[in-house]
Protein chains: 2
Amino acid sequence: MKIDGKATRTIWFADDGKTVEVIDQTKLPFALEILPLGTVEDAARAIETMVVRGAPLIGATAAYGMALAMAEDASDDALGAAYTRLMRTRPTAVNLRWALDEMMAALRNRPREDRVAAAYARAAEICDEDVEINSRIGRNGLEIIRQIAATKQPGEPVNVLTHCNAGWLATVDWGTATAPVYMAHDEGIPMHVWVDETRPRNQGAALTAYELGHHGVPHTVIPDNTGGHLMQHGQVDLVITGTDRTTATGDVCNKIGTYLKALAAADNDVPFYVTLPSPTIDFTLSDGVAEIPIEQRSGDEVSHMTGVTEAGDVVTVDIVAKGSPVANYAFDVTPGRLVTGLITEAGVCPATREGIAALFPDRAKGDDA
Amino acid sequence: MKIDGKATRTIWFADDGKTVEVIDQTKLPFALEILPLGTVEDAARAIETMVVRGAPLIGATAAYGMALAMAEDASDDALGAAYTRLMRTRPTAVNLRWALDEMMAALRNRPREDRVAAAYARAAEICDEDVEINSRIGRNGLEIIRQIAATKQPGEPVNVLTHCNAGWLATVDWGTATAPVYMAHDEGIPMHVWVDETRPRNQGAALTAYELGHHGVPHTVIPDNTGGHLMQHGQVDLVITGTDRTTATGDVCNKIGTYLKALAAADNDVPFYVTLPSPTIDFTLSDGVAEIPIEQRSGDEVSHMTGVTEAGDVVTVDIVAKGSPVANYAFDVTPGRLVTGLITEAGVCPATREGIAALFPDRAKGDDA
């Protein structure tokens with residue numbers, strides 16, 4: 001999407017024919033800094049330090065990391081070492097493993113002299129495939145927005161509420177939850193997005209607000225406490241969020257607090273949609289609340305807040321009463337009964353076992369069922 | 001309650017026989033500073049600048065402000081001027097008007113030479129009455145906690161979730177939502193409180209955590225997004241919050257985000273109690289969502305966060321993407337259907353028109369019905 005009027009991706013191949021460049025997302029929203037990745041170690045560190053974040057972007061960065069490794073040394077040993085190093089960055093990330101396996105399959109049986117070109121080509125394809133998937137999610141979600149827009153008075157905006165950042169900054173481009181919004185905005189539908197701040201890491205206030213603002217989409221940042229009140233007063237037409245993991249029954253595991261917004265949506269008859277690339281559906285799971293373990297992260301993410309002072313310095317402050325313990329659960333599970341529909345690259349389906357199976361019959365009956 | 005082992009109120013009469021002292025709550029939780037109020041203007045400014053906050057404490061401070069005015073000049077003119085000055089501090093605060101009217105009634109027809117002593121005496125009574133009301137709320141809520149504690153294994157804590165600060169810092173002592181918790185803790189029931197951070201002003205992380213910590217009540221600060229997840233996993237036995245306004249039908253208007261916790265409690269069969277002094281029930285209202293206007297406050301409260309740096313400096317930082325608009329709705333309304341019961345000084349009742357009328361038959365049928 002656009003930054004300062006210029007179409008931008010989160011990761012791209014630099015002009016020098018070797019280096020890859022990424023947006024340093026640890027500096028957002030306070031500064032836009034581009035970080036060159038020249039080696040596999042650069043790529044690994046970018047993932048580990050959250051310079052890049054979001055499952056699709058992590059996968060894309062790892063794929064380019066394999067290419068950077070081949071550019072240095074195209075031997076079998078270097079190939080294996082790069083795979084191991086990159087896998088270690090975020091061992092539980094499904095998309096990371098998938099991207100590394102794709103790269104390994106493309107390179108393993110290829111002569112050394114072809115590996116560099118093949119690696120850059122496959123990494124570029126992985127990026128383009130992500131853009132294509134998100135673009136399809138966007139088109140499928142756009143239909144839903146068009147239908148709501150058709151019920152509005154001329155000029156009256158469609159009000160979307162979103163939680164966390166399932167935006168283009170978490171992917172290569174478009175994002176998932178934001179893709180329908182960008183497409184609706186780009187075709188002239190008046191849009192307005194309520195952006196949940198998304199404590200404790202503030203991905204909404206920092207990243208979603210940043211990307212919507214730079215692309216020119218009207219939006220308002222709100223504390224996470226606010227969405228229920230807005231829905232009670234008819235100020236939200238639909239909710240769109242992403243999901244980290246989705247069960248075969250349509251339960252979605254997403255950023256902590258998503259469940260509370262889904263409850264408010266159900267209580268006020270507001271449609272609650274979840275966008276996802278279908279590979280993130282885990283057909284081995286049928287009860288998200290019971291079966292998905294919830295990661296607990298450092299309490300420092302809750303007690304410490306980073307921002308910019310009036311003088312322009314980026315400073316971190318402790319905001320919690322001294323000595324008080326802090327808990328930091330990273331995700332929660334929204335039962336499928338609260339989800340109006342899943343918006344995937346293959347279409348929109350009910351968040352039920354039957355709905356998902358009808359859209360993905362092979363996978364529902366397949367090895368991973 | 002206790003600070004550093006010493007029983008403390010939020011406001012008290014100093015040893016010099018004239019001055020009143022308060023805790024400067026704008027400095028909490030980073031420093032405990034006592035502010036002397038020597039004049040009616042000091043008292044008015046303490047209310048305006050939120051040195052003191054919480055409806056009961058504002059009323060108590062205004063009452064002492066009238067006494068400070070009389071100590072300077074006990075004339076009718078000074079009495080009227082003090083009333084007008086103090087009323088202007090927070091014109092919509094019901095408790096403020098009540099306290100000022102009480103003081104006026106106690107002083108107006110009294111000879112000048114008696115006014116100073118009478119004013120200090122009535123102000124002290126108003127403080128003691130608040131402590132007594134909260135203590136009764138506490139005893140009524142304690143019964144509910146005792147019943148839950150009886151179902152626990154030995155040593156297993158009763159887990160309470162609370163939102164915002166309806167603690168002793170918002171009153172003269174005990175607090176409302178915290179009163180049952182302090183009483184249960186003081187009688188040896190193992191307690192643990194999940195403290196909602198309460199964005200945007202962080203009254204939970206700053207004030208509730210501070211007061212629970214200093215009194216020795218085990219607690220954990222959590223982002224406002226977290227409560228639903230905890231309830232899904234059986235980690236909350238009951239929710240207790242305060243309320244700013246309560247309708248004759250049991251709808252409660254409280255800090256923004258309360259409604260989301262009530263929805264999660266209902267979805268997980270967790271009891272959701274609201275504590276209140278019965279004078280805050282507004283018998284003229286029957287539909288909280290439709291009838292109670294919600295104050296919108298400065299966006300700066302959302303975009304700016306104050307905390308302490310590692311070097312010990314108290315610093316304010318901007319945490320939102322530059323140029324992004326921010327909305328700040330201060331309260332929301334939780335429909336009575338989501339409230340298990342109202343805990344008042346007169347007893348516990350269902351959050352329904354019938355339940356409230358049965359507990360307060362005179363007021364339900366009275367002039368304000």
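So that the names make sense, note that chain A is the first sequence line, chain B the second, and so on, each numbered from 1.
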Side-chain donor or acceptor of A:Asp224 paired with backbone N/O of B:Asp224 under 3.5 Å: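 No, the answer is negative, given that no donor and acceptor are paired below the 3.5 Å cut-off.
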N/O donor-acceptor pair under 3.5 Å between B:Gln232 side chain and A:Val289 backbone: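 Judged by distance alone, no pair lies under 3.5 Å.
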Using a cut-off of under 4.5 Å on heavy-atom pairs, state which of [options] scores highest against chain A.
options                                : answer
B:Lys322, B:Glu310, B:His233           : B:His233
B:Arg199, B:Lys255, B:Met305, B:His304 : B:Arg199
B:Val320, B:Asp332, B:Asp313           : B:Val320
B:Val308, B:Val333, B:Asp196, B:Val326 : B:Val308

Name the region of [X], side chain, backbone, both or neither, that has any atom closer than 4.5 Å to a heavy atom of chain B.
X        : result
A:Thr208 : neither
A:His214 : neither
A:His163 : side chain
A:Thr309 : both
A:Phe331 : backbone
A:Asn202 : side chain

B:Gln296 atom CD, neighbour heavy-atom count above 12 within 6.0 Å: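 Above 12, so yes.
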For [X] against [Y], the heavy-atom pair lying closest together:
X        : Y        : result
A:Ala327 : B:Thr220 : N-CG2, 3.4 Å
B:Ser324 : A:Ala209 : OG-CB, 3.3 Å
B:Thr306 : A:Ile319 : O-CG2, 3.6 Å
B:Val317 : A:Val317 : CG2-CG2, 4.3 Å

Residue pair B:Pro325 / A:His219, side-chain heavy-atom distance below 4.5 Å: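 They are in side-chain contact.
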Heavy-atom check, side chain of B:Ile294 versus side chain of A:His229, under 4.5 Å: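 Of all side-chain heavy-atom pairs linking A:His229 with B:Ile294, at least one is under 4.5 Å.
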Chain B contacts, top residue of A:Val314, A:Asp318, A:Val302, A:Ile222 (heavy-atom pairs, under 4.5 Å):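 Ranked by contacts with chain B, first place is A:Asp318.
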Pairs of heavy atoms under 4.5 Å with chain B: top-ranked of A:Ser303, A:Pro223, A:Ala290, A:Pro29: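 If we count pairs closer than 4.5 Å to chain B, A:Pro223 comes out on top.
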Region of [X] in contact with chain A, defined by heavy-atom distances below 4.5 Å:
X        : value
B:Arg337 : side chain
B:Glu301 : neither
B:Leu28  : neither

Donor on one side chain, acceptor on other, A:Asp267 and B:Tyr259, under 3.5 Å: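 On atom types as modelled, these side chains qualify, holding a pair under 3.5 Å.
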Straight-line distance of B:Met231 CE to A:Leu263 CG, nearest 0.5 Å: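 Reported to 0.5 Å precision, the distance equals 9.5 Å.
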CG-OH distance between B:Asn225 and A:Tyr329, expressed to the nearest 0.5 angstrom: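 Atom-to-atom, B:Asn225:CG and A:Tyr329:OH are 14.5 Å apart.
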